[in-house]
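Have a look at the structure below, then the notes.
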Amino acid sequence: METKDIIYDLRTKMGLSQEDLASKVYVTRQAVSRWENGETVPNTETLKLLSALFDVSINTLLGSPRTLTCQCCGMQLEDCNLGKEKNGFLNQDYCKWCYADGEYTLDVWKRYVAIGGREKLEEFKQQLMHELNELLALEGLPQVEGLNVLSGEFVNLEYTLPNGTRVKFLDDKATYLGSQLEGEAGICYGIAANMEFLLICSYSENGENPELIVYKKR
């Protein structure tokens, strides 16, 4: 869809007239009419207001010309999972789990801001990858080439121990450095780590049939 069609669709779904929309974003009714006729496109500041009003990204308003990914955790961004600024505007650089109310929310990030910020975090990632790859080599598994910041909510799988007990090793509310490695026959390998431990697991599609391979204290 083009911008003119998107604005029309969002306006009518909200039950607003052109005049109603104009008053909410501080333009004239004629300006809204020109947008919807495809004669003009809203300027940057007006796009921000429209984004906040309709709760969609500027990228969506412009017809989704590019794929957005969170610059912190690498997750693909959609309107429903975008972070927000203190003023309620959507942030197109980060997901809502990494960034909320104008601040980073990740405990991994916060712990490293105090001792040097992103540079120290990157150094720590390199150290973790070295340690993880030593373990992966022992297991004959693919090597990890990068780590993203991941929400525990998405990587906290439940494993069955030899005694039949089902256990989760992570915290849904915490964040970890991790990655997914592609294996054979539809099997994937999940990596999760922080300052205290290294975890390697396997699972099939959609995280089914998870098996713990390595859990090691650092």
Side-chain angles (χ1 to χ4, degrees), residues 1-113 117-119 121-122 125 146-156 172-180 206:
M1 293 177 68
E2 297 181 40
T3 299
K4 63 186 183 70
D5 301 313
I6 293 166
I7 292 176
Y8 172 80
D9 186 56
L10 292 170
R11 174 177 68 77
T12 54
K13 282 182 177 178
M14 193 173 280
L16 300 175
S17 66
Q18 288 187 342
E19 189 170 348
D20 292 335
L21 177 57
S23 67
K24 290 181 179 297
V25 295
Y26 312 109
V27 299
T28 65
R29 186 198 64 78
Q30 289 78 10
V32 175
S33 178
R34 287 195 293 272
W35 299 340
E36 295 183 355
N37 287 331
E39 298 173 18
T40 60
V41 175
N43 63 32
T44 301
E45 292 306 311
T46 306
L47 283 170
K48 290 180 181 178
L49 294 174
L50 290 168
S51 170
L53 175 65
F54 294 131
D55 201 31
V56 299
S57 68
I58 292 175
N59 193 52
T60 292
L61 290 170
L62 296 177
S64 301
R66 60 195 177 97
T67 299
L68 303 177
T69 56
C70 178
Q71 298 304 298
C72 190
C73 70
M75 174 186 294
Q76 185 166 328
L77 295 175
E78 300 176 0
D79 291 340
C80 63
N81 63 16
L82 288 172
K84 289 191 176 182
E85 303 292 351
K86 288 185 180 296
N87 57 12
F89 288 178
L90 295 173
N91 186 300
Q92 297 192 160
D93 292 324
Y94 302 102
C95 72
K96 65 183 180 181
W97 293 281
C98 295
Y99 191 82
D101 295 325
E103 296 182 356
Y104 293 101
T105 61
L106 301 174
D107 49 310
V108 170
W109 174 264
K110 288 180 178 179
R111 292 173 74 173
Y112 274 89
V113 165
R118 184 176 293 277
E119 181 179 349
L121 181 57
E122 292 304 319
K125 284 184 179 182
L147 293 172
N148 295 315
V149 181
L150 304 175
S151 168
E153 180 181 355
F154 293 100
V155 298
N156 194 12
D172 286 351
K173 297 181 180 179
T175 49
Y176 303 92
L177 291 168
S179 183
Q180 175 177 285
N206 298 320

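Residue numbers start at 1 and run along the sequence shown.
For N156, the side chain to side chain contact (heavy atoms under 4.5 Å, CB included) partners are K168, L170, D172, not counting sequence neighbours.
The shortest non-hydrogen separation linking C70 to L77 is N-CG, 3.5 Å. Of all heavy-atom pairs spanning D93 and N91, the tightest one is N-OD1, 2.7 Å. For the residue pair G15 and D20, the shortest heavy atom distance occurs at O-OD2, 4.5 Å. Scanning all heavy atoms of the two residues, the minimum distance from L82 to S57 falls at CD1-CB, 3.4 Å. Between I7 and P42, the closest heavy-atom pair is CD1-CG, 3.8 Å.
Looking at heavy atoms from C-beta onward, P65 lies in side-chain contact with N59 at the 4.5 angstrom threshold. At a threshold of 4.5 Å between non-hydrogen side-chain atoms, the residues K84 and D55 count as touching. Side chains of L53 and M14 form a contact here, defined as non-hydrogen atoms less than 4.5 Å apart. Side-chain atoms of R66 and Q92, non-hydrogen and from C-beta on, do get closer than 4.5 Å to each other.
The backbone N or O of E39 lies less than 3.5 Å from no partner atom in the side chain of N37, so there is not a single donor-acceptor pair. Listed for the K86 side chain is a donor-acceptor partner under 3.5 Å among the backbone atoms of D101.
The structure places CG of L150 at 7.5 Å from CG of L177, a figure rounded to the nearest 0.5 Å. Considering CG of L62 and CD of E2, their distance stands at 12.0 Å, rounded to 0.5 Å. To the nearest 0.5 Å, atom OG1 of residue T46 and atom CD1 of residue I58 are 10.0 Å apart. If you take CG on L16 and OG on S23, they are separated by 8.0 Å, rounding to the nearest 0.5 Å. One finds the CG atom of L68 at 12.0 Å from the SG atom of C95 (value rounded to the nearest 0.5 Å). Separating the NZ atom in K24 from the CG atom in L49 is a distance of 12.0 Å, to the nearest 0.5 Å.
At most 12 non-hydrogen atoms from other residues, nucleotides or ligands lie less than 6.0 angstrom from OH of Y8. Remark: E19 CD is loosely packed, at most 12 non-hydrogen atoms of other residues, nucleotides or ligands lying under 6.0 Å away.
Each of L21, D79, D9, T60 was compared with F54 under the side-chain contact (heavy atoms from CB on, under 4.5 Å) criterion, and only L21 meets it. For the salt bridge (Lys or Arg N to Asp or Glu O under 4.0 Å) criterion with E36, the lone passing option out of R11, R29, K4 is R11.
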Practice task
Show your working on side chain to side chain contact (heavy atoms under 4.5 Å, CB included) between W35 and T40 and close with a plain yes or no.
Solution key: CA-CA 5 Å; W35 299 340; T40 60; 3.3 Å; yes
